[in-house]
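Below: the structure, in structure tokens.
The figures here come from the full heavy-atom set of this structure, side chains too, leaving out hydrogens, waters and symmetry mates. Throughout, protein chains are lettered first and strands after them, A, B, ... in sequence-line order, and every chain is numbered starting at 1.
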Amino acid sequence: MSDKLILIKKRPDFLHVTRNGRKVVKSGFVLQAASSRRSFLTPVYRIGYTASKRIGNAVCRNRAKRRLRAVCRVLLPREAVIGYDYVIIARHAVLEMPYQKLFKELKFALTEIKQETDDVPLFAKNTNE
RNA sequence: CCGGAAGAUCGGGCGGUCGCGAUGCGCUGCAAAAUGCGUAUUGAGGAAAGUCCGGGCUUCACGGAAACACGAUACCGGAUAACGUCCGGCUGGGGAAACCCAAGGGAAAGCGCAACAGAAAAAACUCCGCCGAUGUCUUUAAAGGCAGGCAAGGUUGAAAUGGUGCGGUAAGAGCGCACCGCUUUUCCGGCAACGGAAAAGGCACGGCAAGCCCUAUCGGAAGCAAGACCAAGAAAGGCAUACGCACGUUCGUAUCGCGGGAUGUUUCCGACCCCGCCAGAGGUAGGUCGCUAAAGUCGUUCGGCAACAAACGACGCAGAUGAAUGAUCGCCGAUUACAGAACCCGGCUUAUAGAUUUUCCGGCACC
RNA sequence: CGGAGCGUGGCGCAGUCUGGUAGCGCACUUGUAUGGGGUGCAAGGGGUCGAGAGUUCGAAUCUCUCCGCUCCGA
């Protein structure tokens with residue numbers, strides 16, 4: 001596999017993560033994660049970005065997604081769990097937050113989810129779809 | 001120097017590291033496509049916005065003519081592919097000036113409207129009022145009443161049938177005159193809107209058309225989720241006519257002729273374009289094309305007051321599709337506004353921190 | 001992205017075409033009837049007509065420009 005991120009594109013997949021996943025709230029974003037309901041040939045993790053109208057106009061929404069993308073590109077290959085779908089929802093503070101603080105928040109959130117999933121064996125997660 | 005008016009340009013810059021979209025080239029590969037890697041180039045705006053107008057493009061079966069309906073526009077001339085845009089001018093209004101603002105045709109084609117107030121709201125009239133010369137009555141007379149005359153003044157209102165002055169009269173009145181306004185005619189200037197002059201008319205023709213309307217001009221409708229192709233998947237047939245096979249049923253092929261069909265409605269013409277009719281089934285979002293080179297941008301010369309046009313030269317300038325621009329370091333500058341292409345152009349409108357610059361007007365000071 | 005429609009008291013709606021008085025139902029307040037409450041009866045308060053310009057003597061209404069919301073679309 002390459003280190004390129006695979007995106008979630010379908011609305012049903014987004015809703016699946018929101019309903020069945022775990023949630024970690026930080027000042028800059030909300031991170032949700034759940035085991036994927038689709039099975040791939042090679043097990044991968046996927047990421048989806050959400051910036052709603054509450055963030056602001058089109059410029060603000062694009063900017064929020066870009067900053068989150070920049071952080072995820074560095075951290076996800078290291079910290080993500082294979083076979084999981086992640087959804088990251090932007091909050092208003094992400095626009096003015098310093099990069100180092102955002103970096104720490106995401107790292108903390110990812111390890112929190114990783115610890116919870118370590119309780120369950122990995123093969124059990126891929127078979128529940 | 002201070003205050004003001006009208007424009008024009010820009011709207012963070014330079015360099016390094018990691019990463020993203022697109023295109024070209026090379027490698028990978030038997031080959032093509034795809035994937036991956038490397039490398040080079042390139043990658044949001046003046047409004048990309050609102051979707052308010054005008055076009056291109058695509059589909060609706062093609063073209064032409066007439067009438068009606070609906071909608072839009074509206075001083076004049078020009079520019080333009082076109083426009084409700086732009087330029088120049090006219091008229092009216094505002095400002096001390098530079099300059100700014102205006103949907104600014106027609107109310108003697110017709111219909112309609114004007115609450116409240118007021119005598120009266122479009123047909124003319126007389127509530128208060130003025131006069132009462134003339135005629136007549138009362139009376140010694142003055143005077144008063146009536147017949148009658150008048151519309152100057154008053155009241156209401158957004159709006160009341162020319163304005164000012166003089167003459168005139170019983171009181172008055174364009175009743176007469178002067179000036180201004182208005183209407184008509186003629187002449188002159190101008191492509192025209194319109195302007196100027198003269199003569200005549202005693203004034204007839206109130207307002208609203210962003211009320212219906214009239215006149216002139218223009219307009220078919222829907223929109224790239226238009227539309228074209230591919231892949232995948234699914235279903236059920238019945239009826240009419242003709243032909244083949246045929247006793248018939250069944251099966252297969254076809255829809256000439258006849259008949260029917262239009263994109264506002266109706267009618268007509270041409271061409272001969274499309275179509276058997278009824279009913280049913282599946283699909284809900286995969287791919288490719290459309291998709292960016294265009295009424296293009298910049299410069300010079302020339303024509304024009306200008307909008308703009310012509311010629312020559314140079315440039316090659318986003319094409320995503322869960323949707324590409326971020327992170328970080330250094331320097332300058334600065335507490336950086338409004339804000340992100342989605343088929344493409346020309347405008348309009350709205351949002352916008354700040355910076356640069358041109359021309360003009362007024363005031364003050366100096367020469 | 002494209003195309004339609006709607007904004008009027010606290011809530012749901014008339015009135016807009018055809019300009020002049022903003023009205024209806026529920027809710028609210030007060031009084032009355034009852035031992036008390038509900039129902040009933042009587043009276044009352046409450047509206048920048050989404051915002052800003054224009055036309056007009058006069059605008060919720062006509063025209064233009066903005067703001068917000070809702071719906072539709074291979």
Worksheet item: When the C1' atoms of B:A355 and B:G89 are considered, how many whole Å apart are they?
Response: 37 Å
Fill in: Syn/anti state of C:G23 by chi, 90° boundary around 0
anti
Worksheet entry | Chi-based syn or anti call at B:A44, which uses purine or pyrimidine torsion atoms and a 90° bound | syn
Discussion item. Between A:N62 and A:K65 (side chain of the first, backbone of the second, donor and acceptor by atom type, cut-off under 3.5 Å), is there such a pair?
Written reply: no
Practice prompt. Measure the distance from CG on A:L68 to C1' on B:G326 and round it to the nearest whole Å.
Written response: 11 Å
Worksheet item: B:A327 C1' sits how many Å from A:L75 CG, rounded?
Response: 12 Å
Worksheet entry | Gap in Å between the two P atoms, one belonging to B:C53 and one to B:G64, rounded | 27 Å
Worksheet item: Using the P atom in both, what is the distance from B:A173 to B:G153, to the nearest Å?
Response: 8 Å
Worksheet entry | Counterpart base for B:U136, defined by Watson-Crick or G-U wobble contacts under 3.5 Å | B:G145
Worksheet item: Which value, in whole Å, describes the distance between the C1' atoms of nucleotides B:G346 and B:G296?
Response: 13 Å
Item to complete: Report the distance from atom CG of A:L106 to atom C1' of B:A327, rounded to the nearest whole Å.
Response: 14 Å
Worksheet item: Rounding to the closest angstrom, what is the interatomic distance between B:G238 and B:C251 at atom P?
Response: 7 Å
Practice prompt. Please determine, for the side chain of A:V59, which listed nucleotide (B:G340, B:G19, B:U328) has the closest atom?
Written response: B:G340
Worksheet entry | Pairwise C1' distance for B:A320 and B:C20, with rounding to whole Å | 12 Å
Worksheet entry | Main-chain N/O of A:A64 paired with A:Y49 side-chain donor or acceptor, under 3.5 Å | no
Worksheet item: Rounding to a whole Å, what distance do you find between A:L95:CG and B:G340:P?
Response: 14 Å
Worksheet item: Rounded to the nearest Å, what distance is computed from the CG atom of residue A:N62 to the P atom of nucleotide B:A49?
Response: 14 Å
Discussion item. Taking the P atom in each of C:G38 and C:U30, what is the distance between them to the nearest angstrom?
Written reply: 12 Å
Worksheet entry | Spacing of A:R66 atom CZ relative to B:G322 atom C1', expressed in whole Å | 15 Å
Worksheet item: In whole angstrom, what separates A:K101's NZ from B:U328's C1'?
Response: 19 Å
Worksheet item: Nearest-Å distance, OH (A:Y49) to P (B:G326)?
Response: 15 Å
Practice prompt. Between B:G77 and B:C218, how far apart are the P atoms? Round to whole Å, please.
Written response: 15 Å
Worksheet item: Looking at the side chain of A:A70, which of B:A327, B:C20, B:G340 is the nearest nucleotide?
Response: B:A327
Worksheet item: Counting side-chain heavy atoms from C-beta on, which of B:A339, B:A327, B:A324 comes nearest to A:R69?
Response: B:A324
